[in-house]
Amino acid sequence: MTTPTQKPALTVYLASPRGFCAGVDRAVQIVEKALEKYGRPIYVRHEIVHNRFVVENLEAKGAIFVDELDQVPDGRPVIFSAHGVPKSIPAEAARRGLHSIDATCPLVAKVHKEAERHAAQNHQIILIGHAGHPEVIGTMGQVPEGRILLVENLEQAHTIQPDTPEALAYVTQTTLSVDETKDILEVLKARFPKISAPRRGDICFATTNRQSAVKALAPHCDAVWVIGAPNSSNSRRLVEVATKAGCPRSALLQGAHEIDWQQLEGVSVLGITAGASAPEILVKGVLAALVERYTLTIETPNARPETTAFKLPQELREDPQS
Ligand code: SF4
C-alpha cells in the first residue's frame with residue numbers, strides 16, 4: 001500500500017542508441033571549433049541542427065543564426081547547417097568572398113553526389129522526402145531545376161508521372177521512416193522496374209538504428225516519450241514508429257519543461273528515446289523530473305551503442321594533417 005510519502009513505482013526503458021548522431025555531433029563541434037579559431041561572432045545559415053536547446057547554447061557562445069546569406073556581414077565566416085544547402089548557396093558565398101565552412105553531414109553529402117551522378121547520366125530523379133525540409137531543399141538544389149520530382153507519400157508514388165520512366169532513378173531524405181519508405185519503394189519499383197537505386201540505401205544508419213531501438217521497446221511500454229523538436233524530422237518519425245509498433249500513447253516533448261504529467265496516468269512502464277538532434281542532457285532532465293515524483297527503475301534493454309564518428313573539416317582539426 002502506498003503511504004502519502006511513498007512515491008509510486010515507474011519503470012523506464014531507455015532506448016539505445018538515442019540522441020545525438022555522428023553528423024549532429026560533428027556539426028555542433030564545427031560551430032564550437034570555428035568560434036575558437038575565428039572568434040565571435042560566427043554566422044550560421046539556418047539552425048545548425050533542429051534543436052532549440054543546441055541553438056541557444058551556441059548563441060550564448062557567440063554564434064548568430066540567420067535565414068539567408070545576405071544577413072552575413074562581409075568578412076565574417078559562415079557555416080552551412082548539417083542538413084546541406086543547394087549549390088547556389090556556396091556559390092553566392094564565394095562570389096561575396098565569404099569564408100564558408102560546410103557542416104553538411106557526410107551522409108547527406110553522399111545523397112547530393114548520387115543526385116549529381118544520376119543527373120549527369122540524364123536520369124530523371126525521384127526524391128522521396130518531405131517538402132520544405134532543408135535537407136530536401138538542399139538535395140533538390142544539387143541538380144538543374146525540374147530534374148528532381150518529389151514524392152512525399154504512398155499516394156504520390158501511385159500517381160507520379162515522370163517524363164522519362166525508362167531513365168529514372170531515386171534518392172531519399174536520410175531521416176525517413178524505414179518502413180514507410182519501403183512501402184513507397186515497392187510501389188515505385190512495381191511501376192518503374194528499371195528505376196535505378198542508390199548503391200546503398202540513403203536512410204542513414206543513425207535514423208535506422210534509432211527507429212529499430214524504439215520499435216523493439218515500444219510494444220513493452222505503456223507510453224513512449226521521444227525527446228526532440230517538432231521540426232526535427234527524425235524525432236517525429238520516432239513517434240510514428242513507436243505508435244505503429246504497438247504503443248499508441250507515444251508523444252514528442254522537447255524536454256522536462258513540456259512534461260504533461262497526466263500522460264503518465266496508469267503508466268507503469270515508460271519508454272524514452274531522443275531524436276538525433278537532441279542532446280543527452282535533455283534526457284537527463286526528463287529523468288531528473290521523473291525521479292522527483294516516482295521511484296524509478298531504469299533499464300536499457302538490448303543496448304547497441306554507436307561508435308561512428310565523422311572527421312571535422314581539415315581547417316578545424318587539432319592536427320590538420322590527420
Ligand atoms: S541523422 Fe543521419 S544524415 Fe542526419 S546528421 Fe545524423 S547521421 Fe547525418
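Because the structure is predicted, anything quoted here is derived from the model rather than measured. As the structure lists them, so they are numbered: ligands from 1, and atoms in each ligand from 1.
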Next on the checklist: Is the shortest side-chain heavy-atom distance between Phe80 and Leu69 below 4.5 Å?
Outcome noted: yes

Next on the checklist: Please give me the protein atoms (N, O or S only) lying under 2.8 Å from atom 8 (Fe) of ligand 1, ordered by chain and number.
Outcome noted: Cys105 SG

Checklist entry - Do Glu240 and Arg236 sit within salt-bridge range, that is, some charged N less than 4.0 Å from a carboxylate O? => result no

Next on the checklist: Test of understanding: with side-chain contact (heavy atoms from CB on, under 4.5 Å), list the residues that count as partners of Thr164, not counting sequence neighbours.
Outcome noted: Gln124, Glu166, Ala167

Checklist entry - Going by an N to O cut-off under 4.0 Å, is there a salt bridge joining Arg210 and Glu306? => result yes

Checklist entry - Can you find a heavy atom in the side chain of His50 that is under 4.5 Å from one in the side chain of Ser81? => result no

Item to check | Test: Lys33 and Glu318 ion pair at under 4.0 Å | outcome: yes

